[in-house]
Amino acid sequence: MMSETKLEKTRRRNDPRDFSILRKSERTRQNILDTALKFLWSNSFRDMTVAGLTTRAGISRPCFYQYFADLHSLMEDLLKDLEREILSVAQPWIIAETNPVVKLGESLSGLVEVCYQRGPLLRAIFEAAPMDERLEKAWNDFVNVFDDTVTTRIEQDQAAGLTPDFEARHVAIALNRMDIGILIHHFGRHPRSRPQPVYQSIARIWISTIYGPEVLTTFEE
């Protein structure tokens, strides 16, 4: 087995889900969240119950309610965690002052990596939201964060003359909704697709849409 690289060790130390550095109460909460995510690989949110989760997690029902008011608050926390993870891996492009095409590719690679691990959460909330007012609000808040973030970055690049003049928000919404559909399709259930082809497809569309198809050659090199 390959030994853990320095980068992987650093990521693990900085990962709030790493049980080795969490206090007991945090480990219990994370155990519940991880159990819920595992459940969603092969089930829908409508099939989730507190009794089922506590049995799978090896905890009592009162223990669950020490951390979550109900199943909706658990899903909301999972979605917030996912939002933070995606925003973290998106930082290279969001704050890039040079080489935005390269940085966009780096950020999209991180997005695919995160969603490869968290795909069932995207699928479960996306499926449940139209029939669940509370999850619908959580989902809309989630996607709006990325619509705002991408719109702002595109407008900055347009002001700098790096990007053609188009309706930044409409394009941001289109790209984000495309990502949601593709990532759920490939990573929402087992068996998952290989991440690299998914990344390459998404990156080609984002880069050619925002910066023009002529820059793809430079990116692919």
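None of these values were measured; they are calculated from a predicted model.
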For residues [X] and [Y], report the shortest heavy-atom separation together with the two atoms involved.
X: T151; Y: A172; result: OG1-CB, 3.4 Å
X: H190; Y: R192; result: CE1-NE, 3.6 Å
X: A57; Y: T35; result: CB-OG1, 3.6 Å
X: A36; Y: L53; result: CA-CD2, 3.8 Å
X: I86; Y: C115; result: CD1-SG, 4.4 Å
X: E136; Y: A129; result: CB-O, 3.2 Å

Show the atom names and distances, to 0.1 Å, of all donor-acceptor pairs under 3.5 Å that link a side chain in residues 66-80 to residues at least two apart or in another chain.
from, atom 1, to, atom 2, distance (Å)
Y67, OH, S25, O, 3.4
D70, OD1, H72, N, 3.1
D70, OD1, S73, N, 2.8
D70, OD2, R134, NH1, 3.0
H72, NE2, D132, OD1, 3.1
H72, NE2, D132, OD2, 2.7
S73, OG, A69, N, 3.0
S73, OG, D70, N, 3.2
S73, OG, D70, O, 2.8
E76, OE1, R134, NH2, 3.2
E76, OE2, R134, NE, 2.7
D77, OD2, R29, NH2, 3.1

So [Y] and [X], do their side chains get closer than 4.5 Å, heavy atoms only?
X: Q158; Y: F166; value: yes
X: Q196; Y: Q200; value: yes
X: L121; Y: I125; value: yes

(message) Check for me, please, whether I173 and I210 land in the same ILVMFWY cluster - side-chain distances under 4.5 Å, paths through other members count.
(response)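 No, separate clusters.
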(message) Using the rule that Ile, Leu, Val, Met, Phe, Trp and Tyr join whenever any side-chain heavy atoms are under 4.5 Å apart, tell me whether L183 and W41 fall into a single cluster.
(response)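 Shared cluster, no.
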Find the distance between [atom1] ([X]) and [atom2] ([Y]) and round it off to the nearest 0.5 Å.
X: M178; Y: I202; atom1: CE; atom2: CD1; value: 5.5 Å
X: M48; Y: N43; atom1: CE; atom2: CG; value: 8.0 Å
X: D148; Y: N144; atom1: CG; atom2: CG; value: 6.0 Å
X: E167; Y: I154; atom1: CD; atom2: CD1; value: 11.0 Å
X: N99; Y: L104; atom1: CG; atom2: CG; value: 12.0 Å
X: M131; Y: R46; atom1: CE; atom2: CZ; value: 6.5 Å

Under 3.5 Å, which donor-acceptor pairs link side chains of residues 87-97 to any protein atom two or more places apart or in another chain?
from, atom 1, to, atom 2, distance (Å)
Q91, NE2, L87, O, 3.2
W93, NE1, Y211, OH, 2.8

(message) Between R153 and D157, does any NZ, NE, NH1 or NH2 come within less than 4.0 Å of an OD or OE carboxylate oxygen?
(response)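 Salt bridge flag = yes for R153 with D157.
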(request) Take atom CD of E155 as the centre, draw a 6.0 Å sphere, and report whether it contains more than 12 heavy atoms from other residues, nucleotides or ligands. (result)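 Above 12, so yes.
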(request) Would you check, one step at a time, whether the test side-chain contact (heavy atoms from CB on, under 4.5 Å) holds for S201 with I182? (result) CA-CA 10 Å; S201 298; I182 290 174; 5.8 Å; no
(message) The test is side-chain contact (heavy atoms from CB on, under 4.5 Å); show your working for V215 and I207 and say whether it passes.
(response) CA-CA 8 Å; V215 304; I207 291 169; 3.4 Å; yes
Verify, without hydrogens or angle tests, whether [X] (side chain) and [Y] (backbone) share a donor-acceptor contact under 3.5 angstrom.
X: T55; Y: A51; value: yes
X: T209; Y: W206; value: no
X: N31; Y: R27; value: no

(message) Between D34 and K38, does the salt bridge (charged side-chain N to carboxylate O under 4.0 Å, His left out) criterion hold? Intermediate values first, please.
(response) CA-CA 6 Å; D34 290 345; K38 290 176 183 177; over 6 Å; no
(request) List the steps and the verdict of side-chain contact (heavy atoms from CB on, under 4.5 Å) for L82 and L122. (result) CA-CA 9 Å; L82 178 60; L122 280 176; 3.8 Å; yes
(request) Only pairs at least two apart or in different chains count here, so list each ring pair (Phe, Tyr, Trp, His ring centres under 6.0 Å) that has a residue in residues 98-127. (result)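 For residues 98-127, and leaving out neighbouring residues, the ring pair (Phe, Tyr, Trp, His ring centres under 6.0 Å) pairs sorted by first residue read Y116-F187, F126-W139.
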